[in-house]
Structure formats: structure tokens, C-alpha cells
Amino acid sequence: MHPLQHVLQVQRCLRWGPLASGSWLLLRTCRAHSGVPSTARPSPERQQEDGVWKDFSSRLASGPTFQHFLRSASVPQEKPPSPDVEDPPPYLTVDELLGKQRKVYLETYGCQMNVNDTEIAWSILQKNGYLRTSNLQEADVILLVTCSIREKAEQTIWNRLHQLKALKSKRLRSQVPLRIGILGCMAERLKEEILNREKMVDILAGPDAYRDLPRLLAVAESGQQAANVLLSLDETYADVLPVQTSPSATSAFVSIMRGCDNMCSYCIVPFTRGRERSRPVASILEEVRKLSEQGLKEVTLLGQNVNSFRDTSEVQFNNAVSTNLSRGFSSNYKTKQGGLRFAHLLDQVSRIDPEMRIRFTSPHPKDFPDEVLQLIHDRDNICKQIHLPAQSGSSRVLEAMRRGYSREAYVELVHHIRESIPGVSLSSDFIAGFCGETEEDHLQTVSLLQEVQYNMGFLFAYSMRQKTRAYHRLKDDIPEEVKLRRLEELITVFREEATKANKTFVGCIQLVLVEGFSKRSSTDLCGRNDGNLKVIFPDVELEDVTNSGLKVRAQPGDYVLVKITSASSQTLKGHVLRRTSLKDSAAYS
């Protein structure tokens with residue numbers, strides 16, 4: 001086969017794909033299938049063209065060799081440092097991915113996971129050259145981190161977009177065009193409906209697409225709408241260190257897992273945040289260490305089902321250890337085996353800094369094996385407070401909700417927790433007016449509130465969400481006015497019982513982590529006790545346990561001892577005794 005003919009044959013092969021790492025295989029394949037055996041006799045036409053081939057062959061032989069090009073190649077010059085930008089897609093340049101000091105305004109709605117998502121999104125944008133602003137009027141980019149758990153949460157965003165529409169229309173032509181983006185669960189749930197309904201929205205980014213924000217904003221600069229709402233099976237942002245949005249904060253949220261596999265019939269989370277996947281333990285510990293070095297005194301481990309944490313990132317973690325569930329509880333999915341579990345993580349996190357409080361939310365009642373309860377009991381810096389979402393006091397409704405337990409099993413778990421961790425504070429979630437809930441079902445929820453006496457509670461009327469199992473298989477048959485009436489009754493009973501529970505603190509000394517001044521009084525400070533209840537006390541001089549005789553005023557991040565004098569359903573009040581440390585406070589408990 002003649003060299004030029006070989007080149008032409010290769011070109012025909014390359015029409016179907018680039019000559020990349022498989023170059024030699026491609027060349028060999030083209031030669032093997034050229035259809036011209038090396039011993040074949042050339043046709044008359046080939047003989048006529050033979051002179052052309054010989055002329056090309058001679059010129060090719062006398063031309064520069066491959067070594068000539070190697071010798072002539074110039075040494076690559078070092079480029080000046082630039083923002084940490086990933087390789088751009090073919091239709092964008094690295095320069096187009098840069099923020100060029102455009103100012104970003106972030107608004108956060110919903111749960112603590114959204115607070116953490118905001119910090120992750122900002123970390124990614126900051127590395128790409130964007131600036132942060134707290135002034136809406138000077139923003140070049142406005143990003144709303146949204147919630148979809150209830151209809152009311154989404155309506156809040158629609159109303160906010162209506163307000164921002166006026167701001168965008170008033171933007172001067174001489175300025176950089178204002179870009180508006182919807183991030184998080186609402187972007188994931190509604191997708192194109194947002195882009196079609198509100199043309200002023202430029203970008204959509206689901207919870208697993210924050211790494212793509214620079215590209216989405218670059219595409220939006222061309223005047224096009226851009227979206228990425230793909231859910232991931234492995235994205236945990238383990239290598240993204242969230243940027244704390246409040247420099248004076250005393251506490252921080254650390255996301256340890258994302259998504260949920262429980263598939264409760266009322267819940268939209270598996271459809272907006274995807275399947276469960278956990279961060280590697282090593283990356284979590286590194287983030288907590290850095291927060292400790294920054295002087296933060298409290299960390300809350302976050303996840304949609306935080307205590308089902310399971311790190312399977314390394315082969316040696318994947319042993320055949322079975323999963324232990326709470327007694328009388330079951331799961332909606334096949335039991336998972338192996339991995340480093342929540343008890344291991346909690347143990348390791350609590351060892352990093354004995355002066356740092358550790359909390360976690362939101363757990364599922366099924367995932368409280370004895371080893372977790374024992375660890376909470378044993379470690380002084382793991383808060384003696386557990387969120388235990390019940391959702392209903394009726395076994396029939398719990399079955400319709402696919403919660404995996406009965407009322408009896410839940411109450412037994414409450415007793416077991418209180419026996420294992422004396423003095424523990426409990427909080428819970430409840431839904432009023434779920435599909436098919438009868439008046440008797442409602443009264444059973446009322447009686448559960450009375451029986452358990454939670455210290456804190458989060459109560460809501462049921463809001464049906466598309467895609468959920470309830471949407472497809474159940475009927476939202478409780479009138480809105482009935483839902484609201486039942487909700488009010490639950491709130492009233494909760495407040496009565498919480499007041500009783502919190503009054504047991506009166507006369508007791510509580511260790512309080514100071515957060516700052518009270519919102520209602522410039523002469524009072526506020527903080528939270530071990531049970532996560534708000535504690536109000538006067539801002540006065542006090543003794544410092546570590547420096548005898550020294551008079552100080554409590555500052556955010558200080559631990560102080562407060563003697564409780566009064567209590568309500570939401571707040572404790574008292575007078576401050578002294579400043580202390582978490583270790584030294586044990587002598588007063």
C-alpha cells in the first residue's frame with residue numbers, strides 16, 4: 001500500500017472519531033482493512049499514478065524527520081497562577097469560566113442542609129474569582145438556595161422571584177447584566193417549569209450540580225438559560241471545604257452524607273436529593289479539625305438520615321458486619337452490609353477537640369443501636385440531645401407513611417433512650433392531616449405528645465408533593481381547615497408539655513455556649529444549653545474558673561454556667577455564675 005494512499009485511508013477512518021490514545025490500534029486497523037494486500041498486482045489506473053506516488057515518496061524521505069520536530073520544540077513557559085478552574089468544555093474558554101470579580105448575593109431558605117449547601121456553592125464560586133456581597137442592590141449574580149419540602153416553601157420563592165424581576169428590569173444597560181439562579185431542591189423538583197414560567201431566571205442547579213455553577217453562569221452570559229439538575233450516586237463534595245458565611249459564628253454545620261433511601265410516602269427528599277451516599281470519614285475529620293483550629297466550639301453533623309451513615313470508600317471498610325437497627329424497627333430497603341458506621345464516625349469526631357460540642361441531625365429512629373446511645377452517654381462533648389422524628393402517634397398512619405415502626409416500638413425506644421442517657425432532651429417532628437388521618441388517629445398523636453413530653457418540636461400541616469408515593473397511591477382527603485385545626489391543637493399540647501418538661505431545669509445549673517446578644521434586649525446575652533434550648537441571661541461581669549479572681553464579660557464562643565430561674569416552652573432564663581470550660585463544667589453537673 002502506497003504511503004499517501006495509507007494517509008487517505010486513515011483520514012477516512014478518522015471521520016468516525018479522533019486519533020487519540022488508540023492511535024496505533026487505529027492505524028493498524030486501517031491498514032489491515034485497506035483491501036490492498038502487499039503482494040497484489042496494481043491496476044492500470046494505479047500504474048498511471050505510480051509516478052505521483054514515487055514523487056511524493058521521495059519528497060517525504062528527504063523531508064524533516066520526527067526527531068527534527070522534537071529538537072525544534074520550544075520549552076513550555078510557566079503560566080502565572082490563576083484561579084482554581086477546571087478544564088472548560090469545548091465551547092468555553094478558561095477565561096469565560098472566571099468570575100472576574102462579579103459580586104454574588106446568596107439567599108438561603110429551608111433546612112440546615114441548605115445552609116451547608118450555600119457554603120459549598122460559595123466555596124466553588126470564590127475559587128473561580130467571584131466576590132461575595134451582602135448588598136442586594138450591588139449584586140451581579142443573585143442565587144436563591146431553595147426548599148421544596150412543602151408548598152408554602154416554594155410559594156415563598158415564587159414571590160421572591162416576582163420582587164427580583166423588578167430589580168432586574170431596572171438594571172442599567174451600562175452595568176453587567178444581572179443574572180438570577182435557583183439552586184437546590186426546588187430547581188431539582190420543578191426543573192423546566194421554572195425556566196418556562198419565569199424567563200428572568202438564568203440558571204438552575206440541583207443539589208448535586210454546584211460544581212457546575214461556573215459553567216452555568218458562563219453560558220448565561222451569552223443570554224441563554226442554563227440548567228444542570230442531574231442527581232448523582234456518588235457526589236458528596238468531600239473535597240470542597242465550605243466557606244463559613246458568618247465570621248463571628250461559634251458553631252458550624254458539617255455535611256457527612258447526602259440523599260435518603262427511606263422513601264417515606266410523604267417525603268420529596270429522595271427525589272430532590274437522590275440516593276444515600278456518605279462522605280469518607282477522613283475528609284469529615286479533616287474539616288472538623290480545621291473548624292477546631294478556627295476556634296469554633298460546636299459542630300453539627302448533617303444528613304437527611306444522618307445516623308444511617310456508612311463509609312464504604314475503601315475496600316477494607318467493606319466487611320460483612322450486619323446493620324443493627326433499633327429494636328422493633330424495620331427499613332424500606334434491603335439491609336446494607338459493611339462500611340464504617342455512624343458510631344465509628346461519632347467516636348472519631350468527638351476525640352478531635354474535647355472542648356468542642358458535637359450534635360447531629362436529622363436522624364431516623366430506626367438507626368439508634370445501643371453502641372450509639374452508649375457513646376452519647378460516655379462522651380462529655382457529645383450533646384445529650386436527640387432529635388427523634390415521630391411524624392404521627394397512630395400506628396395505622398405510621399404504616400401509611402412507611403415509617404417502619406409502630407407507636408409501641410417508638411415509645412419503647414423513647415424509654416430505652418432515657419434509661420441509657422439520663423437527662424437527655426428530646427425533640428421531634430409531627431405532620432397534621434396526613435392522607436386518611438381520622439380524628440382518632442389525630443387524638444393518638446395528641447396523646448403521644450403528652451406521654452413523651454418533648455423539649456422541642458417541629459409541627460406542620462401535611463402538604464402533598466408530586467412524585468412521592470403518597471401522591472401516586474394515596475388521596476389527600478383531609479380538608480385544609482381540618483389540617484390547620486389539628487395543627488393548632490398539636491401546637492397547643494406541645495407547648496403545654498414542653499413547658500412542663502423545661503420547668504424541670506429551674507434551680508439547676510446549665511452549661512451554656514454563648515452565641516451573642518439577645519435579639520430582644522441589648523443588656524442580655526443568649527446561648528444554648530446541652531439540650532439545644534435557648535438560654536437568656538444578663539450581660540454582667542463574672543468570674544473565670546480558669547483564672548481565679550479575674551472578672552470578665554462573656555463573649556461569643558465562651559462556655560458559662562447559668563442557674564435557671566424560669567422556663568417556657570421555648571426558652572430558659574437565669575443568672576450567670578462564672579465562665580468555665582467544657583471539661584471543668586463537669587464538676588457542677
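Positions are given from 1, in the same order as the sequence printed here.
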So Ile386 and Ile421, side chain to side chain contact (heavy atoms under 4.5 Å, CB included) or not? Walk me through it.
CA-CA 10 Å; Ile386 291 179; Ile421 312 170; 4.0 Å; yes

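- Side-chain atoms of Lys297 never come within 3.5 Å of backbone atoms of Gly295 as a donor-acceptor pair (strictly under, hydrogens ignored).
- Counting only residues at least two apart or in different chains, ring-ring contact (aromatic ring centres under 6.0 Å, His included) contacts with residues 365-403 comprise His387-Phe458.
- Looking only at distances, no side-chain donor or acceptor of Ser350 sits under 3.5 Å from a matching main-chain atom of Ile382.
- Heavy-atom neighbours of His162 NE2 from other residues, nucleotides or ligands within 6.0 Å: at or below the threshold of 12.
- For Ser331, the side-chain hydrogen bond (donor to acceptor under 3.5 Å, both in side chains) criterion is met by no residue, not counting sequence neighbours.
- In this structure, Phe360 has its ring center no closer than 6.0 Å to that of Phe309.
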Is there a salt bridge (charged side-chain N to carboxylate O under 4.0 Å, His left out) between Glu293 and Lys290 once you walk through the steps?
CA-CA 5 Å; Glu293 291 167 1; Lys290 289 183 178 179; over 6 Å; no

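- Sorted by first and then second residue, the salt bridge (Lys or Arg N to Asp or Glu O under 4.0 Å) pairs with a member in residues 555-577 read Asp558-Arg579; sequence neighbours excluded.
- Side chains of Glu489 and Val493 form no contact here, defined as non-hydrogen atoms less than 4.5 Å apart.
- Residues passing the side-chain hydrogen bond (donor to acceptor under 3.5 Å, both in side chains) test with Glu138, sequence neighbours excluded: Thr133.
- Not counting sequence neighbours, Glu399 has no partner by the salt bridge (Lys or Arg N to Asp or Glu O under 4.0 Å) test.
- Proximity of a side-chain donor or acceptor of Arg407 to a complementary backbone N or O of Gln444 within less than 3.5 Å is detected.
- By the 4.5 Å heavy-atom criterion applied to side chains, Leu525 and Phe517 are counted as neighbours.
- Qualifying salt bridge (Lys or Arg N to Asp or Glu O under 4.0 Å) partners for Arg351, counting only residues two or more places apart in sequence or in other chains: Asp347.
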Go through the steps for Ile149 and Val269 under the test side chain to side chain contact (heavy atoms under 4.5 Å, CB included), then give the verdict.
CA-CA 7 Å; Ile149 199 71; Val269 168; 4.2 Å; yes

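- Contacts of Tyr237 classified as side-chain hydrogen bond (donor to acceptor under 3.5 Å, both in side chains), with partners at least two apart in sequence or in another chain: none.
- For the residue pair Glu276 / Ser308, a side-chain donor-acceptor distance below 3.5 Å is found, with atom types taken as modelled.
- Using a 4.0 Å cut-off between charged nitrogen and carboxylate oxygen, Asp117 and Arg273 count as a salt-bridge pair.
- With 3.5 Å as the limit, one finds a donor-acceptor pair spanning the side chains of Asp441 and Thr438.
- Under the rule for a side-chain hydrogen bond (donor to acceptor under 3.5 Å, both in side chains), the partners of Glu154 that lie at least two apart in sequence or sit in another chain are Ser148, Arg189, Arg465.
- Applying the salt bridge (Lys or Arg N to Asp or Glu O under 4.0 Å) test to residues at least two apart or on different chains, none of the pairs has a partner in residues 454-463.
- Between the side chain of Asn332 and the backbone N or O of Arg402 there is at least one donor-acceptor pair closer than 3.5 Å.
- Between the side chain of Asn455 and the backbone N or O of Leu426, at least one donor-acceptor pair lies under 3.5 Å.
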Full working for salt bridge (charged side-chain N to carboxylate O under 4.0 Å, His left out) between Arg578 and Asp584
CA-CA 11 Å; Arg578 55 186 63 85; Asp584 292 333; over 6 Å; no

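- With sequence neighbours excluded, the residues satisfying side chain to side chain contact (heavy atoms under 4.5 Å, CB included) with Pro369 are Asn324, Glu371, Val372.
- Counting heavy atoms of neighbouring residues, nucleotides and ligands inside a 6.0 Å radius, atom NZ of Lys384 exceeds 12 of them.
- Across all non-hydrogen atoms, the minimal contact from Thr236 to Arg258 is CA-CD, 3.8 Å.
- At a cut-off of 3.5 Å, with distance as the only test, a side-chain donor of Ser292 or Asp353 sits close to an acceptor on the other residue.
- Taking the salt bridge (Lys or Arg N to Asp or Glu O under 4.0 Å) definition, one finds that Glu298 meets it with Arg357, Arg359, sequence neighbours left out.
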Apply the test ring-ring contact (aromatic ring centres under 6.0 Å, His included) to residues Phe271 and Tyr471: give CA-CA distance (whole Å), side-chain angles for both, the deciding distance (0.1 Å), then the verdict.
CA-CA 13 Å; Phe271 304 96; Tyr471 179 81; over 10 Å; no

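- Checking side-chain atoms of Thr580 against main-chain N and O of Val560 turns up no donor-acceptor pair under 3.5 Å.
- Comment: Glu480 does not engage Lys152 in a salt bridge, judged by the lack of any side-chain N to carboxylate O separation of less than 4.0 angstrom.
- Between Ser427 and Gln385, the closest side-chain pair of non-hydrogen atoms falls below 4.5 Å.
- For the residue pair Ser392/Ser394, the side-chain donor-acceptor check at 3.5 Å is not satisfied.
- Residue Glu355 comes nearest to Ser581 through the heavy atom pair OE1-CB, 3.4 Å, listed as atom of the first residue, atom of the second, then distance.
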Salt bridge (charged side-chain N to carboxylate O under 4.0 Å, His left out), that's the test. Do Arg279 and Glu287 meet it? Break it down for me.
CA-CA 11 Å; Arg279 280 177 66 179; Glu287 184 175 341; 2.8 Å; yes

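- Between Lys467 and Glu188 there is no salt bridge, since none of the side-chain N atoms of the basic residue sits less than 4.0 Å from a carboxylate O of the acidic one.
- In terms of modelled atom types and a separation under 3.5 Å, the side chain of Thr146 and the main chain of Met186 share a donor-acceptor contact.
- Using a 4.0 Å cut-off between a side-chain N of Lys or Arg and a carboxylate O of Asp or Glu, Lys500 and Glu496 do not qualify as a salt bridge.
- Residues Glu437 and Arg486 are paired through a salt bridge, judged by an N-O separation under 4.0 Å between the basic side chain and the carboxylate.
- For Val299 against Met356, the heavy-atom pair with the smallest separation is CG2-SD, 3.6 Å.
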Please assess Gln155 against Asn159 for the test side chain to side chain donor-acceptor pair (under 3.5 Å), listing each intermediate value before the final yes or no.
CA-CA 6 Å; Gln155 190 55 51; Asn159 294 340; 3.0 Å; yes

For Asp539 and Arg553: C-alpha separation, side-chain torsions, deciding distance, then whether salt bridge (charged side-chain N to carboxylate O under 4.0 Å, His left out) applies.
CA-CA 7 Å; Asp539 177 22; Arg553 283 186 179 270; 3.4 Å; yes

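- Judged purely by atom type and a 3.5 angstrom limit, Ser265 has no side-chain atom pairing as donor or acceptor with the backbone of Ala470.
- The ring pair (Phe, Tyr, Trp, His ring centres under 6.0 Å) test applied to Tyr462 returns Phe434, not counting sequence neighbours.
- Salt bridge Arg310/Asp367: absent, no basic N to carboxylate O contact under 4.0 Å.
- At least one donor-acceptor pair under 3.5 Å links the side chain of Asn502 to the backbone N or O of Ser569.
- The backbone N or O of Gly393 lies less than 3.5 Å from a partner atom in the side chain of Thr445, making a donor-acceptor pair.
- No side-chain N or O of Asn116 forms a donor-acceptor pair with one of Asn114 less than 3.5 Å apart.
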